[in-house]
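After the structure tokens below, expect a handful of questions from me.
Just the heavy atoms: all of them, side chains too, but no hydrogens, waters or symmetry mates, feed the values below. Because the structure is a prediction, the values reported are computed rather than measured.
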Amino acid sequence: MRGEGTEKLVPHTMSRMGDVLAGFHAAWEFESDSVLIRYVRGIRTPKLFQALGERRVPLEAIEGVTLTPGKRGTVVLRLEPRPGADPLTEAAAGQLKESSDPYRLVLPAERETLAEYYADELRAQLTESGPAERHLVAAPEPPLQFKAYDGKATFDGTSVAFRWFWTGASSAKWKAGDQRFPVSELSGVEWRSPEVFEGHLRLLRRDTTVPAPAQADQDPAAVVFGLGYGPVHESLPFAAAVLAAVRDCAAVPAISPAAATGGVPSARRDPADIAERIRHLGELHQAGLVTDEEFSSKKAELLAEL
């Protein structure tokens, strides 16, 4: 305790719904079975927090609470999520900077006593620890999309699509063509932060008979990041949403494409899009990046989609 008089600021019990502890970039609302984290919109708030908006963290998803000194007259209250309980932190795999950790609440040092009270109250209510068998914190909701350096990634909740940019995609990806991956065919997601060298998002497929290229820029199941492309606040929520969908789908029996669409053939591609793809393919052919045989074969595939 910091001295007489501060105790009167402390609520008598946390069993009341709606107790709120506000920090610099977020406010935590304590409820009987969860902590609702609302991130504050502002010029200094990390973009990831603004993209997340708010998150409800069930108490069963938390295995610990810490309170430590922060920088420049602050203290930091942090929830420690159980491994596997949150698809966002699972996808991040420890790569987030401390300032972008969604489980940190930074407070002025003079509120340490109040933060200490809530930390103790939370610890008293935690009953679970160790890896979680399923995700307990909700993932960002699709549809989601972002621009990588070599293509545009979209996720509609059931499949991930990559559409290549002719200015950035490798010839290997152009030869493979635009890609679509049903969630049922995936086993996971590999996210490498755009803030490090060779950042990328790679989809891990269940079918491992054909090994994936070691380099993400050669893998049609991956998009690569770059300066201004695939920023954390766009690509990480995307990865978390895909990972959550993969986990949810894991125990569901596979459904044939015909059954999934009720026997209705899938929609035809836009003729203008096909024409643009053929034009780009022709440019690669003229530049010597695609052989005559590859050009003819891929052109025939594209025309067949009309």
Side-chain angles (χ1 to χ4, degrees), residues 47-48 51 91 95 140 142-183 185-186 189-205 210 212-243 266-292 294-306:
K47 289 184 178 180
L48 176 61
Q95 298 174 76
L144 295 167
Q145 63 181 31
F146 70 90
K147 287 185 178 180
Y149 174 73
D150 57 356
K152 180 179 180 180
T154 59
F155 178 51
D156 62 7
T158 60
S159 63
V160 180
F162 294 154
R163 181 178 180 181
W164 308 123
F165 297 151
W166 71 275
T167 52
S170 64
S171 58
K173 290 183 176 180
W174 271 107
K175 291 176 184 179
D178 293 345
Q179 301 289 302
R180 182 172 294 276
F181 302 89
V183 167
E185 296 179 2
L186 303 177
V189 178
E190 177 183 85
W191 182 78
R192 292 291 176 267
S193 174
E195 297 174 344
V196 300
F197 180 64
E198 293 188 341
H200 64 265
L201 182 144
R202 190 195 302 264
L203 303 176
L204 307 179
R205 289 172 281 190
V210 180
Q215 298 298 319
D217 65 341
Q218 301 297 312
D219 186 357
V223 290
V224 297
F225 305 145
L227 186 62
Y229 293 97
V232 172
H233 69 282
E234 294 180 357
S235 61
L236 181 56
F238 186 102
V242 175
L243 182 60
S266 58
R268 292 290 186 178
R269 291 280 292 274
D270 182 356
D273 180 55
I274 295 294
E276 182 69 6
R277 296 284 297 149
I278 292 175
R279 185 179 71 80
H280 290 156
L281 188 65
E283 292 176 353
L284 292 173
H285 181 228
Q286 291 179 357
L289 298 175
V290 176
T291 66
D292 293 343
E294 290 170 335
F295 174 73
S296 298
S297 175
K298 188 60 184 176
K299 181 179 178 181
E301 288 181 16
L302 291 169
L303 290 173
E305 295 184 23
L306 291 173

key: Side-chain heavy atoms of Phe238 within contact of Val189, under 4.5 Å   =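 The answer is no, as the side chains (C-beta and beyond) never meet within the 4.5 Å cut-off.
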request  = Report the distance from atom OG of Ser235 to atom CG of Leu144, rounding to the nearest 0.5 Å.
outcome  =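 Between atom OG of Ser235 and atom CG of Leu144 there are 11.0 Å.
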task = Heavy atoms only: give me the nearest Pro194-Gly230 pair and the separation to one decimal.
result =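 Result for this residue pair: CG-O, 3.1 Å.
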message = Once side chain to side chain contact (heavy atoms under 4.5 Å, CB included) is applied, do any residues pair with Gln95, and if so which ones, sequence neighbours excluded?
response =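 Expected list: Ala93, Trp191, Arg192, Ser193.
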Side-chain heavy atoms of Trp164 within contact of Val223, under 4.5 Å =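 SC-SC contact between Trp164 and Val223 confirmed.
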query = If you look at every heavy atom in Phe165 and Ala148, which pair is closest and at what distance?
reply =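 Minimum heavy-atom contact is CE1-O, 3.6 Å.
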request  = Identify the two heavy atoms, one from Val183 and one from Gly157, that lie closest to each other, and give their separation to 0.1 Å.
outcome  =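 Between these two residues, the closest heavy atoms are CG2-O, 4.2 Å.
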inquiry  = I need the full list of side-chain hydrogen bond (donor to acceptor under 3.5 Å, both in side chains) pairs touching residues 223-233, with sequence neighbours left out, sorted by first then second residue.
reply    =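 Of all non-adjacent pairs touching residues 223-233, none passes side-chain hydrogen bond (donor to acceptor under 3.5 Å, both in side chains).
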ask   = What pair of heavy atoms forms the shortest contact from Ala91 to Leu236, and how long is it?
value =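 Distance-wise, the nearest heavy atoms are CB-CD1, 3.9 Å.
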ask   = Sequence neighbours excluded, which residues qualify as side-chain hydrogen bond (donor to acceptor under 3.5 Å, both in side chains) partners of Ser159?
value =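 Expected list: Arg180.
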query = Under the salt bridge (charged side-chain N to carboxylate O under 4.0 Å, His left out) rule, what pairs show up with a residue in residues 226-240, not counting sequence neighbours?
reply =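 For residues 226-240, and leaving out neighbouring residues, there are no salt bridge (charged side-chain N to carboxylate O under 4.0 Å, His left out) pairs at all.
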key: From NZ (Lys173) to CD (Gln218), nearest 0.5 Å   =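 Between atom NZ of Lys173 and atom CD of Gln218 there are 8.0 Å.
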key: Residues forming a side-chain hydrogen bond (donor to acceptor under 3.5 Å, both in side chains) with Ser296, sequence neighbours excluded   =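 Ser296: no side-chain hydrogen bond (donor to acceptor under 3.5 Å, both in side chains) contacts found.
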request  = Drop me the distance from Phe155's CZ to Phe162's CZ, to the nearest 0.5 angstrom.
outcome  =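 Result: 11.0 Å between the selected atoms.
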ask   = Taking all non-hydrogen atoms of both residues, which atom of Ala216 and which atom of Ala222 are closest, and how far apart?
value =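 Between these two residues, the closest heavy atoms are O-CB, 3.8 Å.
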request  = Just jot down the side-chain hydrogen bond (donor to acceptor under 3.5 Å, both in side chains) partners of Arg202, sequence neighbours excluded, or say none.
outcome  =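 Checked Arg202 against side-chain hydrogen bond (donor to acceptor under 3.5 Å, both in side chains); matches are Glu190, Asp219.
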ask   = So how far is it from Phe225 CZ to Asp150 CG, rounded to the nearest 0.5 Å?
value =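 So the gap between those two atoms works out to 9.5 Å.
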